[in-house]
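Owing to the predicted nature of the structure, the values given are computational and were not obtained by experimental measurement. Each residue takes its place number in the sequence, starting with 1.
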Amino acid sequence: MTANLPPQYDPKATETKWQKYWEDNQTFKADPEAGGEPYCVVIPPPNVTGSLHMGHAFEETLIDVLVRYHRMTGRNTLWLPGTDHASIAVQTILEKQLKAQGKTRHDLGREKFLERAWEWKAESGNTITNQLRSLGVSVDWSRERFTMDEGLSAAVLEAFVRLYDEGLIYRGNYLVNWCPASQSAVSDLEVDQQEVEGHLWHFRYPLTDGSGYLEVATTRPETMLGDTGVAVNPEDDRYKHLIGKTVTLPIVDREIPIFADELVDATFGTGCVKVTPAHDPNDFEMGKRHNLPFINIMNKDGTLNENAGEFQGQDRFVARKNVVKRLEIDGVLVKIEDYKHTVPYSERGKVPVEPLLSTQWFVKIEPLSGRALEALDQNNSPVFVPERWTKVYRDWLVKLKDWCISRQLWWGHQIPAWYAVSETHGEITDTTPFVVAKTEAEAREKATAKFGEDVQLARDPDVLDTWFSSGLWPFSTLGWPDETKDLDFYYPTTTLVTGFDIIFFWVARMTMMAGHFTGKMPFETVYIHGLVLDENGHKMSKSKNNGIDPLLLIGKYGTDALRYTLVKEVIGAGQNIRMEYDRKTDESKSVETSRNFTNKLWNAARFVMMNLEGQTPQQLGKPLTQVRSEDFSPQGERTEVLTTNQVRSEDFSPQGERTEVLTTNLTTNLSDRWILSRYYQVVQQSRTCLENYGLGEAAKGLYEFIWGDFCDWYIELVKSRLQQDAEPNSKKVAQQTFAFVLEGILKLLHPFMPHITEEIWHTLTQTGEDECLALQAYPEPEPSLINPELEQQFELLFGTIRTIRNLRADSDIKPSVKVTVILQSDNEKERQILLDGGVYIQDLAKVENLTVTASLDAEPTLDKGGSIAGVVGTVQVLIPLAGVVDLVALRGKLEKKLAKVEAEIKHTAARLTNQKFVDKATPDVVQGARDALAESEKQAEILRDRLKLF
């Protein structure tokens, strides 16, 4: 029975089938004991609260292409999945739920709140991983990790305690990004810089000696209540004489010094800068350098505290208005300017971040960043692709400041510090002594030794920044701090695939942590990808509401179509891609094109299998290609040659020795050799591109080869050899080549389109469920079979065929009518190519009589009536039209078409010269008219050219 595919490709059924098969059979389960060369990738862990967005789909597809490719090249592959616990996001969800019930987390207490958090994780936390499954990612699900699972929690404790014991973690009072909405410190990555239309307020600070005043400007006038100095540039001649004097702060009536600091930009504003060390990062540094007081005027909920005097209790933005009003009343407000500037917003709290002086836990960066810098400068480790990101990464390592790692939340890794509250009247204060330990029992033992048996302990209520556990991700997920087989074999990991926006935050933290704890960089290569932009070329964001749902596109077009679109659009590693999308219809032309490609492949595979007579590629054998050029007749037909391929059993001597026999036509012909040359060219190209992170280039090359060379040309070239009455040996070779190249195509395309290729491969090879395409070997190039000269010859043949087809269409020659064609070339080599490929030209261009000549002078058919001519390269192509078409009728038809088009041109041109139309119509309508005019003029030009031929 002949195996074949259903008439229609059903992506949903196929993709679901193979996703289940791969997971049920643990196809991608890694085995460190199997040996070989490792290839390991740890997934950039998505938030457990997340849903699949286009950025996820893009990133995971890129990773999957690399992982599937390297698995097929024979490397021992592990792609490790997992999720991040997302402290702020989960806590926000739960607190919203509680708020709807009229409660707060404090009403529940920490223990009950965490129970509810774990319940939420069990019920809703698998959404993102299930959605990742729908992408067909080839991860090892048996190794799935969660940043708060038992093993990773132990790794976090180990890392914290070690760093603390080594003096690299400390507790101190420093400026942090504070979110008043969530009432927690937030990392730089959790801050969204938004451009806003604001104001610049100018006001005067009178000199204390009454000799004048200094004018300052600020975008946050309420912070002047905490000013403790005014800074000027030491080289600014306008203010040199004032350095060392003081001004009196309005409203507060506090005397503050004027000092010089190089940080001040003399060209900005008045060149005088008000300094609020407790509420601005630059002011904080100046305050430390010049020993200024640090006066905090703000509560953690964004209201002003007792240091704000009459404004105490007011929200910061209410206080802003009232402070300005008071300054105006006091006569020190100079002016208010409109001012566009950037304001940091908390991504979670959706409110402006407040730089706030707060007691927090910090990691000392310098020794950690130093090791990462050393690895980069001495060993170029890790390697960045594209290379331009190396400098960005290096600059960030140099500029890094101590890292605030504590967050005022309950969901997360609770800081393993216990305070001896019995020493500070039962409360945790900035001065309460503490011990750091992995367990409470160990902490009590340490505290008892220091403070006696009656010591009362309270654990630090804060949790660690999620980036702390994420920084350990490449090695903690493999078992660290234990010495596991996975850690020994797969670490350091091979490639990290991530976006450029977190080089500074995640990549740098991983390299610092890994360098310190393992002595190695955590990955060999960092492949930085770009962004998926919307249909207008804009970055997708929740605030703009311009996201494109990948699951919707998967449902409409299939996973493989979306995957292929995302990869094929990448032009150069690290470049952004734009997703075509119609929001009215939820359709994407680019994904539809890839869906059409899957249908093209499906139909081509069906045609191949219909013509294999139930035989598999293995049963047919590999086509023999080692033949001499003289084995072809001038017409490109197979001649009888001496070979030892495909011998019969009676061709062996009684002793079992092979004898040389005369066989017929079991080697490839010109078209077979051409497609095999193109195939191996693409094999070589695909390998080179994928090894060098040219994923988009590899995808495009495969698209062009499969759609163009294989489907559009080769299938057409061999159809006549597959007929019932075809010469048996030629048919056999065509079947061999068909099957061999199709199976190779499926292997080449598998990393990009895993589902459809797996389905076709199983049908083509008639392989049982004990094997799958995902574990087959990736095709190897055979340079000896790549024949650029032959490919160039076929380009001439295809160009000739295309030209004949176009001329037929221009002359309205019916498809069923065969024509006479004369090909003229002065080049003897070209004429020989046309003669050798004459059978293909006649077959594919419906040519009955083909003449290849050096001169047209002796061609009698050209004298019997009109002809139509075209050119391909230096070859002139002529089709005599006498007896083929009615020239008079054809000319009349063309003249009628031209008259109609010229009337359209006249009408449209008149509209565009009518100023009322141009002024009243929308820009889209006007542009549409211009486009229509240009198209009509182009059509008229084509019709006039055709009329000149008759």
Minimum heavy-atom distance [X]-[Y], with the two atoms named:
| X | Y | result |
| --- | --- | --- |
| V156 | S469 | CG2-CB, 3.7 Å |
| G479 | T484 | CA-CG2, 3.8 Å |
| L553 | M54 | CD1-CE, 3.8 Å |
| L132 | P46 | CD1-CG, 4.3 Å |
| T494 | P38 | OG1-O, 3.9 Å |
| A739 | L764 | O-CD2, 4.3 Å |

If you define the side chain from C-beta out and look only at heavy atoms, does anything of [X] sit under 4.5 Å from [Y]?
| X | Y | value |
| --- | --- | --- |
| H85 | H413 | yes |
| Q618 | E743 | yes |
| L496 | M510 | yes |
| P617 | K622 | no |
| E59 | T498 | yes |
| W79 | F28 | no |
| L66 | Y39 | yes |
| D486 | Y490 | yes |

Counting only heavy atoms not in K520, do more than 12 fall under 6.0 Å of its NZ?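 Counting neighbours around NZ of K520, 12 or fewer heavy atoms of other residues, nucleotides or ligands fall under 6.0 Å, so no.
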Tell me whether K485 at atom NZ has more than 12 heavy atoms from other residues, nucleotides or ligands lying less than 6.0 Å away.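 No - once you tally the heavy atoms of other residues, nucleotides and ligands closer than 6.0 Å, there are 12 at most.
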Whether K121 engages the ring of F146 as a cation-pi pair (distance to the six-membered ring centre under 6.0 angstrom, angle to the ring normal within 45°) should be assessed.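 Flagged: K121 positioned over aromatic ring of F146.
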Given T495 and Y693, is the side chain to side chain donor-acceptor pair (under 3.5 Å) satisfied, shown in steps? CA-CA 11 Å; T495 305; Y693 298 93; 3.2 Å; yes
Looking at [Y], is its backbone amide N or carbonyl O close enough to the side chain of [X] to form a donor-acceptor pair, meaning the two atoms are under 3.5 Å apart?
| X | Y | value |
| --- | --- | --- |
| E15 | G558 | no |
| D64 | E60 | no |
| H516 | R371 | no |
| S153 | M148 | yes |
| W602 | P6 | yes |
| Q91 | W411 | yes |
| N47 | A86 | no |
| E158 | P481 | no |
| E697 | C689 | no |
| R563 | P751 | yes |

Kindly indicate, with the supporting measurements, whether the criterion side-chain contact (heavy atoms from CB on, under 4.5 Å) is fulfilled by E771 and Q776. CA-CA 8 Å; E771 287 188 61; Q776 300 304 303; 3.4 Å; yes
So N603 and Y9, side chain to side chain donor-acceptor pair (under 3.5 Å) or not? Walk me through it. CA-CA 9 Å; N603 293 332; Y9 174 52; over 6 Å; no
Euclidean distance, [Y] [atom2] relative to [X] [atom1], rounded to 0.5 Å:
| X | Y | atom1 | atom2 | result |
| --- | --- | --- | --- | --- |
| N126 | E144 | CG | CD | 7.0 Å |
| C711 | K600 | SG | NZ | 5.5 Å |
| T767 | E769 | OG1 | CD | 11.5 Å |
| L566 | L695 | CG | CG | 11.5 Å |
| F523 | T493 | CZ | OG1 | 6.5 Å |
| I577 | M579 | CD1 | CE | 5.5 Å |

Show your reasoning for whether side-chain contact (heavy atoms from CB on, under 4.5 Å) applies to L676 and F740. CA-CA 9 Å; L676 289 168; F740 174 77; 3.7 Å; yes
SB check R687 E780 (cutoff 4.0 Å):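 Salt bridge flag = yes for E780 with R687.
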Please assess W18 against L773 for the test side-chain contact (heavy atoms from CB on, under 4.5 Å), listing each intermediate value before the final yes or no. CA-CA 11 Å; W18 290 110; L773 176 58; over 6 Å; no
Would you kindly say whether [X] and [Y] are connected by a side-chain donor-acceptor distance under 3.5 Å?
| X | Y | result |
| --- | --- | --- |
| H53 | S51 | no |
| E759 | T14 | no |
| H750 | R68 | yes |
| S588 | Y557 | no |
| Y393 | T511 | yes |

Side chain to side chain contact (heavy atoms under 4.5 Å, CB included) with D140: which of T27, T77, L78, D31?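 Of the listed options, the one satisfying the test is L78.
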Parallel, tilted or perpendicular: which one describes the rings of F752 and Y564, with boundaries at 30° and 60°?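 Taking Y564 first and then F752, their aromatic rings stand perpendicular (interplane angle over 60°).
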How are the rings of Y679 and F705 set to each other: parallel, tilted or perpendicular (split at 30° and 60°)?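 Ring orientation, 0 to 90° scale: tilted.
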Which of these, Y491, W480, F160, sits in a ring-ring contact (aromatic ring centres under 6.0 Å, His included) with F517?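 Of Y491, W480, F160, ring-ring contact (aromatic ring centres under 6.0 Å, His included) with F517 is met by W480 alone.
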So F58 and H529, ring-ring contact (aromatic ring centres under 6.0 Å, His included) or not? Walk me through it. CA-CA 9 Å; F58 184 43; H529 62 74; 5.3 Å; yes
Which is it for T565 and S594 under the side chain to side chain donor-acceptor pair (under 3.5 Å) test, yes or no, and what are the steps along the way? CA-CA 6 Å; T565 302; S594 295; 2.7 Å; yes
Compute the ring centroids of [X] and [Y], then answer whether they are less than 6.0 Å apart.
| X | Y | result |
| --- | --- | --- |
| H755 | W22 | yes |
| W467 | W473 | no |
| F500 | W389 | yes |

From CA spacing to verdict: side-chain contact (heavy atoms from CB on, under 4.5 Å), L487, D482: CA-CA 8 Å; L487 187 66; D482 296 334; over 6 Å; no
